[in-house]
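Note sheet for the following structure.
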2 protein chains.
Amino acid sequence: MSTYQPLPHVLNKQTMAKVKLIDVAQLASVSKSTVSQYLNGRFDYMSKETQIRIRAAIKELDYVPNPIARNLKADKTKTIGVIVRDITGFDTSRTIRGVDDFCKGCDYNALIYNTDFDPETEAKSLEALYQMRVDGIIIASSGQNNKLISEYIDKGMPIVHFQLEHDGSEKNLILSDYRQAAFDATEYLIKLGHQRICFMTQDFKNVKSRNERYAGYAAALEKYGIPNNPGLIQYWQRETGFEHSPKSVLESDTAPTAFFTQHLAITTELLTHLNQENIAIPDDVSLIGFDDIPMAEFFKVPVTVIKQEPYIIGKEAAKLLLENINDKNRHSQKIMISCSITQRQSCIAPKS
Amino acid sequence: MSTYQPLPHVLNKQTMAKVKLIDVAQLASVSKSTVSQYLNGRFDYMSKETQIRIRAAIKELDYVPNPIARNLKADKTKTIGVIVRDITGFDTSRTIRGVDDFCKGCDYNALIYNTDFDPETEAKSLEALYQMRVDGIIIASSGQNNKLISEYIDKGMPIVHFQLEHDGSEKNLILSDYRQAAFDATEYLIKLGHQRICFMTQDFKNVKSRNERYAGYAAALEKYGIPNNPGLIQYWQRETGFEHSPKSVLESDTAPTAFFTQHLAITTELLTHLNQENIAIPDDVSLIGFDDIPMAEFFKVPVTVIKQEPYIIGKEAAKLLLENINDKNRHSQKIMISCSITQRQSCIAPKS
DNA sequence: AATACCTACTAAACCGGTTTAGTTGAACAG
DNA sequence: CTGTTCAACTAAACCGGTTTAGTAGGTATT
C-alpha cells in the first residue's frame with residue numbers, strides 16, 4: 001500500500017546492512033535532522049506532509065533507531081546495575097524482579113551482579129559497573145566496601161542501598177523495618193508465654209541492619225520486664241555455622257523455649273540440625289525466623305516467619321534510584337518497609 | 001610518584017567532566033590513535049617510552065574508556081537478552097545464574113526479560129531486545145511465537161532456545177533429556193511394583209519437550225508390558241488447574257498407585273490438593289515429580305524428584321549463544337543435558 | 001646514490017545518531 | 001518596496017572512541 005518504490009527484495013536479510021537514519025532521510029527526501037526531530041517528537045515546525053513521508057519511509061525500511069548512537073550523544077546508558085549476593089535466593093530473586101519491573105516501566109534496563117558474599121567480587125562489580133557507565137547502582141552491600149562506595153558516590157554515581165545499610169550514611173537506602181519486626185516477633189513469643197528466647201544471629205557489631213534486629217529483640221524483652229541474658233544470644237557464621245550447637249544450647253542451664261533466627265540461612269541450618277538431633281518443633285522448642293520460606297506449607301512443621309517484602313523493596317529501590325538519576329539535586333531518603341508475621345505452626349506456648 | 005604535574009585538585013568530582021581519550025593523548029603528547037592502539041594492546045610498532053607515557057597518563061587522569069563509544073563503532077553491544085517466564089522460579093533463577101556467570105566470564109552482559117507466561121509479553125520482549133541491538137537472545141519460549149522468532153533469526157539475530165523447543169527447528173537448543181528422564185522415573189516406579197501410574201501433564205500436543213516426557217513414560221510402560229491406559233493421563237492447566245481432581249482420579253476404577261507430575265507447578269498444586277483431602281504420601285499414593293523442590297528435606301514427606309540441571313543448562317545456553325555470535329557460519333547444535341532422580345521419601349511399593 | 005623497507009607514529013574518516021546555529025521563502029507590517 | 005517575522009527546514013559540529021591510509025625518518029639492499 002506504500003506509495004514508495006519498494007526496495008529490491010532481498011531473501012537473506014542477514015546480508016543486508018542495517019537501515020539507518022540517513023536511509024530514512026533519503027527516502028523521505030529530508031535531512032537527517034528532520035528525521036531526528038520526528039523521532040523525538042518535536043513536530044513544532046514540521047509540516048504534516050513531511051511527517052507522513054517520514055513515517056512512511058520508516059515503515060517501508062523497517063527502521064529502528066540505534067540506541068547506542070543515541071546514548072553516546074546523551075552520555076547515558078539507560079541502564080542501572082544491581083549488586084546482590086546471589087540472585088538465586090528466594091527473597092533476592094523477588095527483589096530483583098521488583099527492580100526489573102520498575103526499570104522496564106521506565107525504559108531502563110537492569111544488569112545483575114552476584115557477589116556470592118565475597119567483598120572482593122563486590123568491589124570488582126562496582127568497578128565494572130562504573131566503567132560501563134551505568135546510570136546508577138542498587139546494592140545490598142557487604143559492609144566491607146563502605147569507603148569504596150563513598151568514592152563512587154563522590155565521583156557522581158547515584159547509589160541506593162538496600163538490605164544492609166552503608167554505615168555512616170542514612171541516605172538513599174531502603175530497608176525493612178528490622179527493629180519493629182524483631183520487636184513484633186519477640187513480643188509474639190512473649191505473649192505465647194516464652195521467657196527464654198534465643199536470638200540466633202550473625203555478628204552484628206558493625207552491621208546496622210543486624211543491630212536493629214537486636215535492638216528490637218532487646219526492646220521487647222525490656223518492655224515485658226524480661227532479663228536480657230547474653231547466654232541467649234547465639235552466633236552463627238556463614239562459613240563455620242553455629243558457635244554452639246543448638247542441641248547444646250537446649251541442654252544448657254538457661255535452655256531457651258524458643259529460637260528466633262535472624263536470617264533464612266540460619267533458619268535452614270537450624271532446621272537441619274534439629275532434624276538430625278530429633279528435636280521436635282514446636283513441642284521441644286518454638287521457632288520463628290526472619291525471611292519467608294518457599295513452600296513452607298508442605299513442611300513437616302510449617303515455620304512461622306517474619307515476612308519481608310522483597311518485591312516491594314526492589315520496586316522502591318529502583319524508584320528511589322531513578323529519582324536520584326533524573327534529579328541530582330534532590331534530597332536523599334531513607335525508606336522503611338514494614339514486615340509482617342506469617343503465622344504457621346512452629347510456635348506454641350512453652351511446655352514447662 | 002608520577003612524573004606528571006598533578007591536575008588541580010577538585011573537591012567535588014561530580015562537577016568534573018569525564019576524562020576522555022583525547023585528554024590522555026594530550027597529556028602523553030601522542031595522538032588519539034596511538035592511545036587507542038595502546039588500549040587495544042597493539043604494541044607492534046610502539047616504543048617502550050610511548051607506552052610508559054600513555055600508561056602514566058591513564059593512571060594520572062584515572063581514565064576509563066567509554067564502552068558506548070567503542071560499541072558504536074564495533075556495532076556490538078556485548079549484551080545478550082534472556083527471555084524467561086519468571087526469574088523468581090527455583091530452577092529459572094539458577095539457569096539465569098548459569099547464563100550470567102558464563103557471560104561475565106566472556107565480558108558479556110545479560111539482560112533479563114520476564115514474560116509471566118504471556119506470549120504477547122514474550123513478543124514485546126523479543127522486539128525490545130531486537131531494537132536494543134543485543135548481540136543474541138536466549139529464550140525459553142512459549143511456543144506461541146515461533147513464526148516471529150523465525151523472523152528475527154532471518155534478520156540475523158542469533159537465538160538459542162532452552163527448556164522448550166522451537167518447533168520445526170532442531171537447531172541451537174539446549175534442553176534436558178526429557179524422554180530419558182521420564183523413562184527413568186517411570187521405570188523407577190515400575191520396579192517398585194507400580195502398574196497404574198498417573199501421568200499428570202500440561203497439554204503436550206504441540207509442545208515437543210512435553211511430548212518427549214510422554215514418550216519416555218510410554219516407552220517405559222511398553223518395555224515392561226504394562227498397558228498404556230489413556231485414563232491415567234491427567235491434564236492440568238496453569239489457569240484452570242486439574243481437569244479432574246486428584247481425589248476423583250484416585251477414586252476411579254483404574255485408581256493409580258503413583259502420580260508422576262511433569263512440572264513443579266503441577267507437583268505443588270497436587271501437594272496442596274492432597275494435603276486438603278488428607279490423602280497421605282506415600283501411604284495412599286506414591287509421587288515423583290519433574291523439577292527439584294527447594295528445601296524438600298524439611299517436607300512432611302520429602303518428595304522424590306527428577307532433578308534437572310538448571311545451572312548447567314544456563315551455562316551451556318550462554319556458551320552456545322556466544323559461539324553463534326562470534327562465528328556466524330558455525331553449524332547449529334542441539335545439546336541434551338541428563339537429569340537424575342533424587343530419591344527422597346515419596347515413593348514406596350504400592351500397598352495392594 | 002637510488003630504492004626498498006622498516007619503525008613509530010598521526011590525520012582524518014567513520015560509527016549512527018542529536019543538537020545548534022543557521023538558511024530559505026512566504027506572509028505580513030509599515 | 002523594504003524590513004521583519006515565522007514556518008519549515010538543513011548543514012555541520014558533536015558524542016568518544018576505532019580504523020584506515022598515510023607520513024616521516026632511519027636503516028638495509030643493490
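Just so you know, these numbers come straight off a predicted model, no measurement behind them. Residue numbering restarts at 1 for every chain, and letters A, B, ... go by the order of the sequence lines.
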Quickly work out the [X] [atom1] to [N] [atom2] distance and round it to whole Å.
X       : N      : atom1 : atom2 : answer
B:Lys78 : C:dC15 : NZ    : P     : 21 Å
B:Lys18 : D:dC14 : NZ    : P     : 22 Å
B:Ile22 : D:dA13 : CD1   : C1'   : 15 Å
B:Asn71 : C:dG17 : CG    : C1'   : 15 Å
A:Asp75 : C:dG17 : CG    : C1'   : 14 Å
A:Ile58 : C:dG17 : CD1   : C1'   : 13 Å
B:Glu49 : C:dA8  : CD    : P     : 9 Å
A:Leu21 : C:dT19 : CG    : C1'   : 13 Å

For C:dA8, does OP1 or OP2 lie under 4.0 Å from any side-chain N or O of B:Tyr45?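 For B:Tyr45, the contact criterion (side-chain N or O under 4.0 Å from OP1 or OP2 of C:dA8) is not met.
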Phosphate OP1/OP2 of C:dT19 contacted by A:Arg42 side-chain N/O (<4.0 Å):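 True: A:Arg42 side-chain N/O within range (under 4.0 Å) of C:dT19 OP1/OP2.
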In terms of side-chain geometry, is the basic nitrogen of B:Asp116 or A:Arg97 positioned less than 4.0 Å from the acidic oxygen of its partner?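 Counted as a salt bridge, because a side-chain N and a carboxylate O are separated by less than 4.0 Å.
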With a 4.0 Å cut-off, would you call B:Asp75 and A:Lys18 a salt bridge?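 No, B:Asp75 and A:Lys18 are not salt-bridged.
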Under 4.0 angstrom, heavy atoms only, what part of the nucleic acid is [X] near: base, sugar-phosphate, or nothing?
X       : result
B:Val35 : nothing
B:Asn66 : sugar-phosphate
B:Asn40 : sugar-phosphate
B:Tyr63 : sugar-phosphate
A:Ser47 : sugar-phosphate

Per [X] side chain, nearest of listed nucleotides [options]:
X       : options                : answer
B:Arg70 : D:dT18, C:dT10, D:dA12 : D:dT18
B:Ala69 : D:dG16, D:dC9, C:dG17  : D:dG16
A:Thr34 : D:dT10, C:dG16, D:dT19 : D:dT10
B:Leu72 : D:dG16, D:dG17, C:dC9  : D:dG16
A:Met46 : C:dT18, D:dT18, D:dC9  : D:dC9

Go through residues 124-133 of chain B and report each residue with a non-hydrogen atom lying under 4.0 Å from DNA chain D, sorted by number.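 None, since no heavy atom is under 4.0 Å.
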Pairwise 5' ranking along DNA chain C for A:Lys20 and B:Gln51, keeping only the more 5' one: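 Counting from the 5' end, the first nearest nucleotide belongs to B:Gln51.
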Nearest nucleotide by nearest heavy atom, which residue falls closer to the 5' end of DNA chain C, B:Lys73 or B:Phe43?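 Result of the comparison: B:Phe43.
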Can you give me the closest heavy-atom contact between [X] and [Y], atom names plus distance?
X        : Y        : result
B:Val82  : B:Leu129 : N-CD1, 4.5 Å
A:Ala110 : A:Asp100 : CB-OD1, 3.9 Å
B:Phe162 : B:Ile83  : CE2-O, 4.5 Å

Please check if the side chain of [X] supplies one atom and the backbone of [Y] the other of a donor-acceptor pair under 3.5 Å.
X        : Y        : result
B:Asn145 : B:Pro119 : yes
A:Asn326 : A:Leu322 : yes
A:Arg94  : A:Tyr311 : no

Does B:Leu126 reach the side chain of B:Met157, with side-chain heavy atoms less than 4.5 Å apart?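 Heavy-atom side-chain distance check fails, nothing below 4.5 Å.
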Base of C:dG17, side chain of A:Lys32 - is there a donor-acceptor contact under 3.5 Å?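 Side chain to base: pair present.
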Check if the side chain of B:Ser33 and the base of C:dA11 share a donor-acceptor pair of N or O atoms closer than 3.5 Å.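 Such a pair is found, so the answer is yes.
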Polar side chain donor-acceptor pair, B:Tyr113 to B:Glu122, under 3.5 angstrom: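 No, B:Glu122 and B:Tyr113 have no side-chain donor paired with an acceptor closer than 3.5 Å.
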Short heteroatom pairs, N/O only, protein and nucleotides 21-25 of chain C, under 3.5 Å:
none

Would you say B:Lys76 has more than 12 foreign heavy atoms packed within less than 6.0 Å of its NZ?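 Atom NZ in B:Lys76 is not packed in, count stays at 12 or less.
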